[in-house]
Amino acid sequence: MKRSRAAGHVEHLARACADMAGRPATIFPLRVQQLWVAGALLEPAGDGHAELDAVDVALCVDVDPVEAAWRCAPHGAQHWASAVRLPQLPVRAHWRSLRAPVWNHVLHRPALVWDAAGGVRE
C-alpha cells in the first residue's frame, strides 16, 4: 500500500483508540493507553520503502508485562480489536505493557501517535 494510505490507517486507529477510551469500562475493560507506530512507515521513502505490506503498531495497556509478553495478547484484547475493526486493517498489532519498554527487536525507534492523556500527537 502507499505510504499515505498507511498513514491514514494509523490516523484511523488513533481516532478509534480515543473513541474506545470514552466507552464504558464495564463493556470494554481493557484500556489502550498509548498507540505507537514503528517500522517502515517511519523510514525514508527512498530506502526501498515506497510501498508497505503492513504497518507495525504497538498498543500499550496497563497490565503486568507478563500478560503482554512478546506475541501475546492480554485478556480482552480480541474484544477490543474486534470493536475497532483491527483485523480488517493492514496493521501488525503488538500488545505491550505500559510497565515495560515499547521498543524491542521488531519495534525499532517507535513514535508515539496517541495517548490517553494527551490525545493525538503530531
Side-chain angles (χ1 to χ4, degrees):
M1 89 187 102
K2 293 184 185 268
R3 297 171 69 81
S4 60
R5 182 76 174 141
H9 288 302
V10 173
E11 288 176 31
H12 164 78
L13 190 53
R15 287 191 304 273
C17 287
D19 179 58
M20 292 298 285
R23 302 256 176 128
T26 54
I27 299 172
F28 298 101
L30 185 66
R31 297 294 191 190
V32 172
Q33 299 294 316
Q34 296 176 336
L35 170 65
W36 297 74
V37 66
L41 185 59
L42 299 177
E43 299 296 326
D47 292 348
H49 298 291
E51 295 281 325
L52 305 173
D53 295 331
V55 179
D56 286 301
V57 297
L59 299 163
C60 295
V61 293
D62 191 14
V63 298
D64 189 272
V66 173
E67 291 183 54
W70 184 242
R71 299 190 67 121
C72 295
H75 182 73
Q78 186 174 5
H79 182 60
W80 189 94
S82 294
V84 301
R85 302 177 51 86
L86 189 61
Q88 286 79 29
L89 295 176
V91 300
R92 285 184 291 263
H94 306 280
W95 293 93
R96 307 295 289 153
S97 172
L98 282 174
R99 303 175 202 165
V102 174
W103 52 268
N104 63 17
H105 64 290
V106 171
L107 301 170
H108 297 278
R109 298 184 313 198
L112 183 62
V113 176
W114 173 88
D115 72 343
V120 176
R121 305 295 175 104
E122 295 296 326

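Heads up: numbering here begins at 1 and tracks the sequence. None of the values given here were measured: they were computed from a predicted structure.
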Pairwise side chain to side chain donor-acceptor pair (under 3.5 Å) hits with a residue in residues 57-67, at least two apart: Asp62-Arg99

List the residues meeting side-chain contact (heavy atoms from CB on, under 4.5 Å) with [X], not counting sequence neighbours, and say none if there are none.
{"X": "Pro24", "value": "Thr26, Ile27"}
{"X": "Asp115", "value": "Gln34, Leu112, Ala117, Arg121"}
{"X": "Pro90", "value": "Met1, His9"}

One pair to check against side chain to side chain contact (heavy atoms under 4.5 Å, CB included): Leu86 and Leu59. What are the steps and the verdict? CA-CA 11 Å; Leu86 189 61; Leu59 299 163; 3.9 Å; yes

Stepwise side chain to side chain contact (heavy atoms under 4.5 Å, CB included) check, Arg96 with Leu107: CA-CA 11 Å; Arg96 307 295 289 153; Leu107 301 170; 4.2 Å; yes

For Leu89 and His12, what are the C-alpha separation, side-chain angles and deciding distance, and is it a side chain to side chain contact (heavy atoms under 4.5 Å, CB included)? CA-CA 10 Å; Leu89 295 176; His12 164 78; 3.7 Å; yes

Taking the basic N atoms (NZ, or NE/NH1/NH2) and the acidic carboxylate oxygens, is any pair closer than 4.0 Å for Glu43 and Arg109? yes

Candidate list Leu42, Val102, Leu35, Asp56, test side chain to side chain contact (heavy atoms under 4.5 Å, CB included), partner Pro110, passing option: Val102

Pair listing, salt bridge (Lys or Arg N to Asp or Glu O under 4.0 Å) test, anchored in residues 11-22, at least two apart: Asp19-Arg23

Nearest heavy-atom approach of Pro87 to Ala81 is CD-O, 3.5 Å

Give the cluster check for [X] versus [Y]: same hydrophobic cluster or not, with ILVMFWY residues linked at side-chain heavy-atom distances below 4.5 Å.
{"X": "Val84", "Y": "Val120", "answer": "yes"}
{"X": "Trp36", "Y": "Val91", "answer": "no"}
{"X": "Leu30", "Y": "Trp114", "answer": "yes"}
{"X": "Val61", "Y": "Val37", "answer": "yes"}

For residues 58-93, the ring-ring contact (aromatic ring centres under 6.0 Å, His included) pairs (sequence neighbours left out) are Phe28-His79, Trp70-His94, Trp70-His105, Trp80-Trp95

CE of Met20 to CG of Leu13, rounded to nearest 0.5 Å, is 11.0 Å

